[in-house]
There are 4 protein chains.
Amino acid sequence: MPDLDLIVKEIADEMRARPDRGEVASYIPELAGVDPRAFGLVVIDGAGRVAAGGDADTPFSIQSISKVFTLTLALGMVGDRLWRKVGREPSGSPFNSIVQLEREQGIPRNPFINAGAIAVTDVILSGHQPREALGEILRFLQFLAQDSGITIDETVAASEKRTGFRNAALANYMRSFGVIENPVDYTLGVYFHHCAIAMTCRQLATAGLFLAYSGRNPLSGHSVISAERARRINAIMLTCGHYDGSGDFAYRVGLPGKSGVGGGILAVAPGKASICVWSPGLDAAGNSHLGRIALEMLVKRTGWSIFGT
Amino acid sequence: MPDLDLIVKEIADEMRARPDRGEVASYIPELAGVDPRAFGLVVIDGAGRVAAGGDADTPFSIQSISKVFTLTLALGMVGDRLWRKVGREPSGSPFNSIVQLEREQGIPRNPFINAGAIAVTDVILSGHQPREALGEILRFLQFLAQDSGITIDETVAASEKRTGFRNAALANYMRSFGVIENPVDYTLGVYFHHCAIAMTCRQLATAGLFLAYSGRNPLSGHSVISAERARRINAIMLTCGHYDGSGDFAYRVGLPGKSGVGGGILAVAPGKASICVWSPGLDAAGNSHLGRIALEMLVKRTGWSIFGT
Amino acid sequence: MPDLDLIVKEIADEMRARPDRGEVASYIPELAGVDPRAFGLVVIDGAGRVAAGGDADTPFSIQSISKVFTLTLALGMVGDRLWRKVGREPSGSPFNSIVQLEREQGIPRNPFINAGAIAVTDVILSGHQPREALGEILRFLQFLAQDSGITIDETVAASEKRTGFRNAALANYMRSFGVIENPVDYTLGVYFHHCAIAMTCRQLATAGLFLAYSGRNPLSGHSVISAERARRINAIMLTCGHYDGSGDFAYRVGLPGKSGVGGGILAVAPGKASICVWSPGLDAAGNSHLGRIALEMLVKRTGWSIFGT
Amino acid sequence: MPDLDLIVKEIADEMRARPDRGEVASYIPELAGVDPRAFGLVVIDGAGRVAAGGDADTPFSIQSISKVFTLTLALGMVGDRLWRKVGREPSGSPFNSIVQLEREQGIPRNPFINAGAIAVTDVILSGHQPREALGEILRFLQFLAQDSGITIDETVAASEKRTGFRNAALANYMRSFGVIENPVDYTLGVYFHHCAIAMTCRQLATAGLFLAYSGRNPLSGHSVISAERARRINAIMLTCGHYDGSGDFAYRVGLPGKSGVGGGILAVAPGKASICVWSPGLDAAGNSHLGRIALEMLVKRTGWSIFGT
């Protein structure tokens, strides 16, 4: 058994010292203003051991990491019918590409590109008011992270909405094919808000435990989803979780993971641990630069790669 | 420990009985003429246990499965310099698409689509005569499968060449960007021939053992590649091994695998087993229809998914 | 000098009798309900001779024909600066494709595809309230057609807006690149309304006279634009006026023209006549089926092709 | 009647003095070595008047201008059946794009992009040896230009072949769809050779006369094609003759024309004149920079635009 505390501490120290930090997202002021020196890493295993390093308790904007949880929620609501509205193949395109939608009749390739997550949000919204749907998403995250203090950063949500024309293009486009069924403004409103949820590495690692442990949080004992569904969500995270850098992440890190433009990455080592890393600087594909490097180091030292020891 | 003999036997029996067999590839007569009722499955673990069912010892055309071995060979020759000529991201396109090449300046997205495998073949060819390069590939497979009887089906190779205009288009296109450096005819010649290698499920499962066991064949004791490289090749198999059905294969089966249009699939359960299944009928994405279903059953019964138990 | 009255009458008679009428646009009820048997044709020359056949005085929805007039208006407002926001190359894509926008950073290829016309509308809107911009467009058409009775069909405009998600996608997409500068709803509102203007063949042929006569209406004596600008607008009509059927229209008819999904085509025979034809049934490319055939006959009999006698 | 001699002389003088000359094509040494200061312009009308300026009698590589003549020849051989193999819509893509071919099942969009011209060449080749087909093309040009001294520059042809991998990709791709029917090497051989024909401005302007005069050379009295076919070829030149700069050429110049990467442009003023201009420097779209400017000046002074006076 690796000494997680030591490993996490060493990684956090090394990451804090590195000069190459990537570029902080700049499309909204709330993200642009985040200190690029921030770095946090939390590893939690099924026995309740927690190894935390760096800014483990600083909330950050989870952004696209929310897509893992909205996917989980939507599958719980409509089951495999979800796959009528969204595929589960890697996209081969940037996160906000609309080209693929035209080629495939408005069906986004997977739930982790923007278009797919908007379609998933639309499914969650169905038959509810935006406020209710958003409440449901937020409560689900609070339940998973066992922390009722998790909130939406309304300033971020407002900025997302103010600048979110490309997402509006995607939503309207899918609406034209009937893939989006609710009023576009409603769906986008919920989408922009769940991307604006703020969480810490500790909260996110806790929230991800059910994916590492066959659908059940081994600490709380709560069953969230079936073991098969957990495996399947992990598979989608592996193939699609890092936009057009998913292949490279699998190649280098070897764990299912989902990144967000806020610099967070939630990673899952099945049967071993739930992991969250945060460093705001991004690489060219829009994924946390140091976050990926830190996970690569962690996996190398722990031997947790799903692709072999 | 699951009773592999029983499981494999039951799966083989069930598969033989199923009426839905997909469509046998028809672009060359040698493939079109294969009996769609054929089905073989072999599982080999690191302790040398072999569970075989169905047509386990019937040779079939390995086709794109050869891409796993040429990738391994090319990495051994030039190391990470290979990645200057080919990416490692899922393609989001059919196996023979040329569109992606135009968008990305002649660099194929990964070594498992046709363009990528042709580029890899070109690297192996470099500085050799086609005959020598092909000899090297064949000897590598004979070594991995520990069977000097493995041969190239020259009739298949000739048919591939006669009909391979789309691959010639890909090769010429890459040549125009300098990604292919040898005479196009040489590179294509080697490519068509290594796709035409004939092997049995038993031979392929043996040949794949090194990928399941950290780069080393635990039966022969031969070290083939480093453990890290084995993990990385497995990662590429997971994200790119089934063309535009790679996401679905990961979702349903949960193992790294590489399919061929001859109906074979080589799959790797890291630390557990090397597996080869063969059923000539293909699904819409060009992957063995029953092969995938058989693997799904196998993983369900053994709990070997890399995405959790 | 051809006997225009006779020619127009014969064409109208022949067209009325033909069984092949294309498919009436069905995306909004107002268009779907138009009688496919309708057919009108009006030819007006610079001497004031008018040859009219069929339903020459039935108002129909001009739809994309309005794009000729909004282009003229926008060029009058900002001159060649317009070309910073829209290209003037044929698109090689359907009228509502968004793919091209992604490839070319939000700049639509020409002012006659939907995206381009929305960008042009945004330029007209600039600094105005939608109502004012729309008033300006409408007054321009009334002035050109010398008929103050021309109005907007508000029912059509409302239907366009209700179903116009794909146009909303285009507008939001361009907004994300800064090509659209006004609130998207404003721009789309004006766009949907000017497409919903209702005019007769006689009104449209009159309105197009300035394009046939070097920028000046030879009947009223009003100068509208310079001769050079008239030639240039004609050139764009020739290369881009019929969406992805522009090449075929040039090949068969040989006149600059602009079609609308309402079944109208405005065509210009420089120095000879302004022509409007209307038949609601469309061909596969979205252009009036009989309208194109009627124009082909007209040009054959008059020798008016710009490509030679 | 404009004083053509004066106009042509003034344009030639002005063009010779301009410092902006574009970039000479550099992909083969024979083109790269051409003096960028060269400039020639010849205008011939139906009365036999010839106005020549600059390097009117220097042979240059006609390159893609040959596509006008191979199209004419192929239409003469198979008539409208040609359009089963090639479209006649502007491409919206660079001259050597392969993307469009994938989207449209191997059918090139028009006969003036490389893929289309290769398909047309294949039609001419049909049932002949490459040598015979090439002889036919060459004799056709000698007949049109009334000059038996026109030859193929074998050095250029060899260089084209040596570097022509992208064209080989296009040809193989079309072969895979059955659009190309002859051996790819044969078709490409003829294609590379007819692009390598060397002609002077005077010869090309003479050869184009039949397009300006209803399919008949008014000087020799020879009928080449029907008036309708001449109009139609002119239409295709107008919409597709300048690759992805066709719209701009129509907008600025207003004449049907076909450019070649050797710096030549053949332009047709129906009923007025046949024109050839040559200046080796190209603009970003691959068309002669000064050639286009010279034609713009010529049309402005003569009032020959087909889009109005």
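Each chain gets a letter, A, B and so on, in the order the sequences are listed, and its residues count up from 1. The analysis underlying the following values was restricted to heavy atoms, covering all of them including side chains, and did not include hydrogens, waters or symmetry mates.
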**Q.** Closest-packed option against chain B by number of heavy-atom pairs under 4.5 Å, given A:P256, A:A250, A:G245, A:G215
**A.**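 With the most close heavy-atom pairs to chain B, the winner is A:G245.
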
Q. Quick one: what part of B:K272 sits under 4.5 Å from any heavy atom of chain A, side chain, backbone, both or neither?
A.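 For B:K272, no heavy atom lies under 4.5 Å from chain A.
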
(Q) Taking the cut-offs as 6.0 angstrom to the six-membered ring centre and 45 degrees off its axis, would you call A:R88 and B:Y251 a cation-pi pair? (A)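 Judged by the rule, A:R88 and B:Y251 form a cation-pi pair.
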
Q) Which members of residues 73-85 of chain A, sorted by number, sit under 4.5 angstrom from chain B on a heavy-atom basis? A)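 The stretch touches chain B at A:D80, A:W83.
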
Q) What residues of residues 217-230 of chain A sit under 4.5 Å from chain B when you count only heavy atoms? A)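 At a heavy-atom separation under 4.5 Å, chain B is reached by A:A227, A:E228.
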
Q: Could you walk me through whether B:D248 and A:R232 pass salt bridge (charged side-chain N to carboxylate O under 4.0 Å, His left out), step by step?
A: CA-CA 10 Å; B:D248 194 58; A:R232 290 179 158 191; over 6 Å; no

Q) Under a 4.5 Å heavy-atom cut-off, does chain B meet the side chain of A:L238, its backbone, both or neither? A)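 It is both, since atoms from each part get that close.
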
Q) Would you call B:R231 and A:V299 a side-chain contact if the rule is heavy atoms closer than 4.5 Å? A)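 Result no, sub-4.5 Å side-chain heavy-atom pair not found.
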
Q) Near B:E104 CD, under 6.0 Å, is it more than 12 heavy atoms from other residues, nucleotides or ligands? A)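 Yes, CD of B:E104 has more than 12 neighbouring heavy atoms, counting only those of other groups under 6.0 Å.
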
Q. What distance do B:T239 atom OG1 and A:F249 atom CZ have between them, rounded to the nearest 0.5 Å?
A.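 If we round to the nearest 0.5 Å, B:T239:OG1 and A:F249:CZ are 12.5 Å apart.
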
(Q) For a quick test of reading the model, state the closest non-hydrogen atom pair linking B:F307 to A:N234 and the distance between them. (A)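 Taking B:F307 first and A:N234 second, the nearest heavy atoms are O-ND2, 3.0 Å.
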
Q: Please answer whether the main-chain N or O of A:T309 pairs with a side-chain N or O of B:S214 as donor and acceptor at a distance below 3.5 Å.
A: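 Indeed, once roles are kept as given, a pair shorter than 3.5 Å links the two residues.
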
